[in-house]
Amino acid sequence: DKRIRVSQPLTRGPSAFIPEKEVAQANTADERTNFLVEEYSTSGRLDNITQVMSLHTQYLESFLRSQFYMLRMDGPLPLPHRHYIAIMAAARHQCSYLINMHVDEFLKTGGIAEWLNGLKYVPQRLKNLNEINKLLAHRPWLITKEHIQKLVKTGENNWSLPELVHAVVLLTHYHALASFVFGSGINPERDPEISNGFRLISVNNFCVCDLANDNNIENASLTGNNFGIVGSLSELEALMERMKRLQEEREDGDTSQEEMTTRFEKETKESLFVVSGDTFHSFPHSDFEDDMIITSDVSRYIEDPGFGYEDFARRGEEHLPTFRAQDYTWENHGFSLVNRLYSDIGHLLDEKFRMVYSLTYNTMATHEDVDTTMLRRALFNYVHCMFGIRYDDYDYGEVNQLLERSLKVYIKTVTCYPERTTKRMYDSYWRQFKHSEKVHVNLLLMEARMQAELLYALRAITRHLT
Amino acid sequence: MEKMSRVTTALSSSALTGHTMHCHLDAPANAISVCRDAAQVVVAGRSIFKIYAIEEEQFVEKLNLRVGRKPSLNLSCADVVWHQMDENLLATAATNGVVVTWNLGRPSRNKQDQLFTEHKRTVNKVCFHPSEAHVLLSGSQDGFMKCFDLRRKDSVSTFSGQSESVRDVQFSIRDYFTFASTFENGNVQLWDIRRPDRCERMFTAHNGPVFCCDWHPEDRGWLATGGRDKMVKVWDMTTQRAKEVHCVQTIASVARVKWRPECRHHLATCSMMVDHNIYVWDVRRPFVPAAMFEEHRDVTTGIAWRHPHDPSFLLSGSKDSTLCQHLFRDASQPVERANPEGLCYGLFGDLAFAAKESLVAAESGRKPYAGDRRQPIFFKRKLDPAEPFAGLASSALSVFEMEPGSGSMSWFVDTAERYALAGRPLAELCDHNSKVARELGRNQVAQTWTMLRIIYCSPGLVPTTNLNHSVGKGSSCGLPLMNSFNLKDMAQGLGSETRLDRSKGDTRSDTVLLDSSATLITNEDNEETEGSDVPADYLLGDAEGEDDELYLLDPDHAHTEEPEYVLPQEAFPLRHEIVDTPPGPENLQDKADSPHVSGSEADVASLAPMDSSFSLVSVSHALYDSRLPPDFFSALVCDMLRFYAEQGDVQMAVSVLIVLGERVRKDIDEQTQEHWYASYIDLLQRFCLWNVSNQVVKLSTSRAISCLNQASTTLHVNCSHCKRPMSSRGWVCDRCHRCASMCAVCHHVVKGLFVWCQGCSHGGHLQHIMKWLEGSSHCPAGCGHLCEYS
């Protein structure tokens, strides 16, 4: 009966959140996407992630190129290992979509099937990655040079630095991609290839939450659409109004420095509420039984499944210093280190970050010719803020002004506990905005998260080196 | 004092003294700047902002500018600069985007003077005008540069780079109105301070961010830039287009670059990541730094020459929280450790050699290496008196050209292709190879082969129990007792050059004849006829590992052969002198073994047409007393092999090794053998002699070598439906999800060996098809094609 459940995706099309026609429209005429898929896709077909991302072809190219490079091109790690690391990373967020995908690829590239029985069956060396996988996924700020030292310390199972960097890039990439998968409600692939016995039952993904919350998707989206249409119109206007005001304020802006400092603190603190209030929301009549089954299935790839995101501001007694973005930036430091140890990936990631940060169509919902820089920066920095990365030159008051509460809830869920994302969350923010714009948001969140994790990991490696 | 002229400062520089020294700071530094009096340095960082006095023996903290209860972000400095006209004036760039000026002349504890909060993002760089007291320039992450007049509250003008973040801004030292700015996207722009609307000039200098730039202090047009791409480039800006005049490749991204005073071609660099050293480069010698300072334990973040006219004092601040003064005379000089000799092979075998002139001069009396008979061509570098380096000017380059043709390795190719390594009696192999060598004009090699033959094939030395059957048969020539069966057409066969054309029919009859006339048992089905399968009286020639390709060499060999010595031939009814090495038994046996013979006639004609057996010699072993122990010569032979290998003729070593087989193998250690094999195979593959290389691999007895044939052989297949390569598994296409190869008999996917008819392209499991075609001659797919399986 498992099979039957699999073959019933909740909605048709690549995403459970986005109506099929939205994606399909964009896709049909898109030669470019097809070309990219042929060129860079490892599975050789247009999977659901690619379909959804192809709403932003420009970005898709950078994404596929870098992903292809880290999975298929010259690199210090053997191919099956790369896929196994991807599985380990995706498993931290119980992302069965990515796990299934890479289980297939793992076997195709000649991986040892036995490994798929769980971590117990893999070489100690891979098992050793667990610790940083766990930390990177949930609390990257805890990574220290001791973790790195432990891995590279000479011995039987040691990692060389290039290998480690490759692994870190893969881990962060797949953590972030899991965020995208859940955030965009990616459906399981329509026709799973020949079943190899290691695939997970795909029904669980985000769908459990959906089943629990919005028992009827069609209904939910309908209500979502009709509901606040009046309210959201004015919401949009208000947002634009605020953006304009902020812009003007900046011209003559004069906030005291102390004010600025406290705003960051406030923002990190406030993010505490954001989801703690909502956890209740996401598991109302919790399907715990089902949940347990899922975890046991996925948990063979992870250790310490209970370890999760903990609010950066709540750390209390240990009181780790905030990560000053200016002291270790991607452009100045991260890039050089990555590129040195794992050549060329730096350029690809650099291009990808640049691309996602500067991607704009100068539109907001129905309005055109809008400078969205401010909004994009707010999204990017808010994600970093949740991982304790602080920009000296950013006024965190802007986040409050620009990102409404429902959006914050969504951002926090997608970046910190993506597996809890529901369609309701996705629908509840920015109701006037196009789906492609919401996908754009997801891309920003994904890349911001990846960069944050990378920065912490690379900083630890740099410290190990000096 | 304010108007102290350059001349006087220059004079005072001679008085500058000090040592290499360092002092510990409380926090990592981001930037440093020197006061014009060369006696004070300011250090700025995220949580440090102090002025130190540089004294004879040490740094002394003079002033802490970081005051106030709660340090604000305005004090978190990304950059600091000290005015070169006014000793009291400093400016800092804060990470939160504020530009702050400081007036040391203020009586209060807080020296903060003005605050400019115009930039939206981190300010990366501030720069005072070199001769104007009140003009300050800033460059920020937000892509704007702003020019401030310190007498006013806000900026005078804003310059938009139309791009992401400005990384550095520098006023030109010579041109009053000009400044340069560098950008994250690799561009460098030149601006006129009076024209904020657009830049005067823009060009792409680096791949990736340009972190820094510095105008040459004397040369008006020169600008040095350093980037994340690990390069330092020097641009000549006086020309129409900015021209790259020098380029230095460093080992890490370049964070700062500073021209060295009074040394026209020197500049100092430090890196932002990984590399902690400071280098001073001579831009004309871009591969070896002129000097290197290795004091810091973490990346160097700021460098400054202590005095604008003194080239020997360099100050630096670092992330490791130290401030250092480096003395040029204490610097380590990598040049001294560099190897001044260089050697390189050209594409066509030319050899270039560069060495110190003195060395070459001493050497030139001798003849150059005998292999290249042409006189070397010498290039001598002209001495440039302006050049300061000693080592460079005196080196000479010699180039040894290959004699035309001498570089050709055709002898190697020919030899490889024509040598016979197995499949025939030893004596024959030796003779053949000797002949090949002689024809190629390699007499020594030819002689060696001949000697080998004499050593191992002379009657007395034949071991009575031969390890190698091929040898046994080969040695038969030396045995006095031979039973030979002359076939009916033997004479014709021998005498005629057209033996090649003999048809299979003859063979057939021969075999029959043999069977009847001789007591020889030939088991046609026996795939591997070992000596033991044969009655003891008859030794059938069957070399282990003989194969058809080798066998192909036989005919011409048999004919052109010149016998080296006279054999005892009493038992032979001599018709032809060639009979000394009768290939008969072997050939016959070969025929018998070959499925082609028993199978289709056409095959025989095409594949093994040359010598249907015409004679059969079977040898009964006569026991001999060896006059010399069989391994009497082995030591010598081994030495000989080593000699050839040493000489570079690994071909000879390996060939002999293979031909002699067990006789010498045990005397040479496995590793050496493996090494020879590996080098020879490598050579063969470079010449695309795949067949020969494969044969050598096959004949090698070394396990490591023979397993080469079983490794990394990949066969790529394309899907029959969508024509895409099937990358992962050979039987299912990733794209169209179809199974590519179905068995026409059982209709299952074929995952192993797939055999198909070239006529109708249907096929399936090897076993199934074989079975099917035993019973039917039609295609199992039902297409009606008459398939053949052979």
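Values reported hereafter were calculated over all heavy atoms of this structure, with side chains retained and with hydrogens, waters and symmetry mates removed.
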### Message
Determine whether a donor-acceptor pair (N or O, by modelled atom type, separation under 3.5 Å) exists between the side chain of A:Asp393 and the backbone of B:Thr122.
### Response
yes

>> Using the rule given for side-chain contact (heavy atoms from CB on, under 4.5 Å), can you reason through B:Ser76 versus A:Asp392, listing the C-alpha separation, both sets of side-chain angles and the distance that settles it, and then say yes or no?
In response: CA-CA 9 Å; B:Ser76 158; A:Asp392 286 346; 3.7 Å; yes

Among B:Glu118, B:Gln141, B:Glu184, the residue with the most heavy-atom pairs under 4.5 Å to chain A is B:Glu184

Checking heavy-atom separations under 4.5 Å from chain B, one finds in residues 344-352 of chain A A:His347, A:Asp350

If one checks every heavy atom of B:Thr95 against chain A at 4.5 Å, the contacting part turns out to be both

Whatever's closer than 4.5 Å to a heavy atom in chain A on B:Arg121 counts as both

Sorted by chain and number, sequence neighbours left out, side-chain hydrogen bond (donor to acceptor under 3.5 Å, both in side chains) with B:Ser160 holds for none

Honestly, the part of B:Ala252 sitting under 4.5 Å from a heavy atom of chain A is both

Any donor-acceptor pair under 3.5 Å linking the side-chain atoms of B:Asn185 with those of A:Arg354? no

If you tally heavy-atom pairs under 4.5 Å between each of B:Lys319, B:His276, B:Lys230 and chain A, the highest tally belongs to B:His276

Checklist entry - Charged N to carboxylate O below 4.0 Å: is that the case for B:Arg46 and A:Asp327? => result yes

- Message: Is it the case that the side chain of B:Arg228 and the backbone of A:Glu331 share a donor-acceptor pair, with hydrogens and angles ignored and the cut-off at 3.5 Å?
- Response: yes

One should read off an interatomic distance between A:Ser336 OG and B:Asp229 CG, to the nearest 0.5 angstrom, of 10.0 Å

| message | Counting only heavy atoms from other residues, nucleotides and ligands, does the tally under 6.0 Å from CG of B:Asn110 exceed 12? | response | yes

Take atom NE2 of A:His464 as the centre, draw a 6.0 Å sphere, and report whether it contains more than 12 heavy atoms from other residues, nucleotides or ligands. yes

A:Asn332 and B:Met273 have their tightest heavy-atom pair at O-CG, 3.9 Å

Minimal heavy-atom distance between B:Ile251 and A:Arg340, with the atoms involved, is O-NH1, 3.0 Å

CD (A:Gln326) and SG (B:Cys77) are apart, to the nearest 0.5 Å, by 12.5 Å

*Any chance CD of A:Gln58 has more than 12 other-residue heavy atoms, nucleotides or ligands included, within less than 6.0 Å?*
no

query = Would a 4.5 Å heavy-atom cut-off, applied to side chains only, mark A:Tyr394 and B:Asn96 as touching?
reply = no

Okay, B:Asn207 and chain A: the region with an atom under 4.5 Å from a heavy atom over there is side chain

